[in-house]
Amino acid sequence: MKFDHDSLRALAAVVREGSFERASAALHVTPSAVSQRIKALEARVGRLLVQRSVPAVATADGQVLVQLAEQTALLEHDALDRLGLQGEDVPHASIAVAVNHDSLETWFMEAARLFAVSTRATLDMQSEDQDHTAALLRNGSVLGAVTALGDPVQGCRIHALGSMRYVATCTPQFHARYFSQGVSARTLASAPVLVFNRKDALQARFARKVMGDQPWQPPVWWLPSSRAFVQATLDGLGWTMNPLPLIKHELDSGRLVPLRARATEDVPLYWQHWRVNSQAMEALTRSVLAAAGSLVRRR
């Protein structure tokens, strides 16, 4: 069975953009044309490929063809680049990658800079919690991901990057108010805590080291921004697990202090990407590995 290239591109665009309308704008065709291509592809394989929801998502069968479409586009970019045929009338490649929030705020933009030096391709960076980026690899939404998952996703290569170090921190004033008697189950239960979103389990993991199986229901500030996290900690709103690269200066200056001795947690990170023989993907992997040199290494 052969697949129509334009239909595959339409499918990938719908899943990537989340709607037929946005996909049509990305492809510079009408929404009707996108719809017709998807319907023709579904008729060709005899299966539903896209759930017409908000946002539109690929079915399990659709995910297989999205992966094919994205990998084909990447290989096409490589071939045209090697032939010197890249030009204004040739679609450029944009590699979809999932990056955890704190890596995006600290070291990953250096990887993007190095990648830009070595290729004409661009990156479609999607921010997600490090415990959930692998799911975007599995469903075909991205071709590469910075993830906490140490087991390779089927069909992917994996590279250990090192660990992001987090420190349980607060201001000296906050510490004096809530933890002057030490960090205990009682004090952790009453001290306000900053949490990134409902997927962020770092603070709960730290609390369990102190509280064991006791229930933990502290006052919570929900704040989905890594840099706002730091500012909120400095403003005394609560304690939290901050990534060390973002707060090293504040720790050195004494504006923030650890909650207790050994208040750190190292989260191992990995770079996983689909097995595709692409020069652009190889360049991206080299860039990611080089930029990740600032992460904590195992001794």
Side-chain angles (χ1 to χ4, degrees), residues 12-13 15-18 22 26 66-67 69-71 73-78 80-82 86 88 90-137 140-149 153 156-166 196 224-230 242-248 267-297:
V15 174
R16 182 173 58 251
E17 301 295 334
R22 288 198 292 271
V66 168
Q67 293 166 12
E70 296 288 10
Q71 293 182 23
L74 194 57
L75 292 172
E76 180 184 46
H77 165 83
D78 284 351
L80 292 171
D81 197 42
R82 289 159 63 185
Q86 292 282 21
E88 294 182 359
V90 177
H92 77 279
S94 185
I95 304 176
V97 296
V99 186
N100 63 304
H101 312 293
D102 292 330
S103 290
L104 198 59
E105 291 284 359
T106 52
W107 64 272
F108 193 83
M109 290 311 297
E110 173 62 12
R113 185 191 69 80
L114 294 172
F115 179 65
V117 172
S118 61
T119 180
R120 300 182 187 182
T122 59
L123 298 180
D124 178 356
M125 289 178 270
Q126 302 178 31
S127 184
E128 180 56 277
D129 184 87
Q130 64 264 8
D131 293 326
H132 298 269
T133 50
L136 298 177
L137 265 180
S141 297
V142 300
L143 292 178
V146 176
T147 174
L149 181 65
V153 172
C156 290
R157 292 191 176 96
I158 184 170
H159 306 266
L161 298 177
S163 298
M164 177 71 75
R165 175 160 292 175
Y166 291 84
F196 192 91
S225 167
S226 297
R227 292 193 179 275
F229 235 51
V230 175
N242 275 309
L244 180 59
L246 286 182
I247 59 165
K248 188 176 186 308
V267 177
L269 295 176
Y270 303 87
W271 169 244
Q272 297 208 38
H273 63 87
W274 282 99
R275 294 179 181 272
V276 53
N277 188 21
S278 161
Q279 290 184 340
M281 181 60 76
E282 291 174 1
L284 177 57
T285 297
R286 288 194 301 270
S287 300
V288 169
L289 293 177
S294 61
L295 294 174
V296 175
R297 303 290 178 171

Tell me the closest heavy-atom pair linking [X] and [Y], and the distance in Å.
X	Y	result
Leu104	Met109	O-CG, 3.7 Å
Ile95	Met281	CG2-CE, 4.1 Å
Asp129	Asn100	C-CB, 4.2 Å
Thr147	Leu149	OG1-N, 2.9 Å
Phe196	Phe229	N-CZ, 3.3 Å
Ala69	Ala12	CB-CB, 3.8 Å

Do [X] and [Y] have side chains that get closer than 4.5 Å, going by heavy atoms?
X	Y	answer
His159	His273	yes
Arg227	Leu246	yes
Leu143	Val276	no
Val296	Leu244	no
Ser103	Met164	yes

**Request:** Start with the C-alpha distance between Val97 and Val288, add both sets of side-chain angles, then the distance that settles side-chain contact (heavy atoms from CB on, under 4.5 Å), and finish with yes or no.
**Result:** CA-CA 11 Å; Val97 296; Val288 169; over 6 Å; no
**Item:** ring-ring contact (aromatic ring centres under 6.0 Å, His included) contacts in which one or both residues fall within residues 102-122, not counting sequence neighbours
**Value:**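 Not a single pair qualifies under ring-ring contact (aromatic ring centres under 6.0 Å, His included).
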**Asked** For the atom pair OH (Tyr270) and CD1 (Ile158), what is the distance rounded to the nearest 0.5 Å?
**Response**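 Separation between the atoms: 6.5 Å.
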**Request:** State which residues pass side chain to side chain contact (heavy atoms under 4.5 Å, CB included) with Leu114; sequence neighbours excluded, sorted by chain then number.
**Result:**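 Partners of Leu114 under the side chain to side chain contact (heavy atoms under 4.5 Å, CB included) test: Glu110, Ser287, Ala290.
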**Prompt:** Which is it for Leu269 and Leu295 under the side-chain contact (heavy atoms from CB on, under 4.5 Å) test, yes or no, and what are the steps along the way?
**Reply:** CA-CA 9 Å; Leu269 295 176; Leu295 294 174; 4.2 Å; yes
**Request:** Ignoring hydrogens and angles, tell me if any N or O in the side chain of Glu128 forms a donor-acceptor pair with the backbone of Ala135 under 3.5 Å.
**Result:**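 Checking the backbone N and O of Ala135 against the side chain of Glu128, no donor-acceptor pair under 3.5 Å is found.
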**Request:** Applying salt bridge (Lys or Arg N to Asp or Glu O under 4.0 Å), name anything that partners Glu17, two or more places apart in sequence or on another chain.
**Result:**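 Glu17: no salt bridge (Lys or Arg N to Asp or Glu O under 4.0 Å) contacts found.
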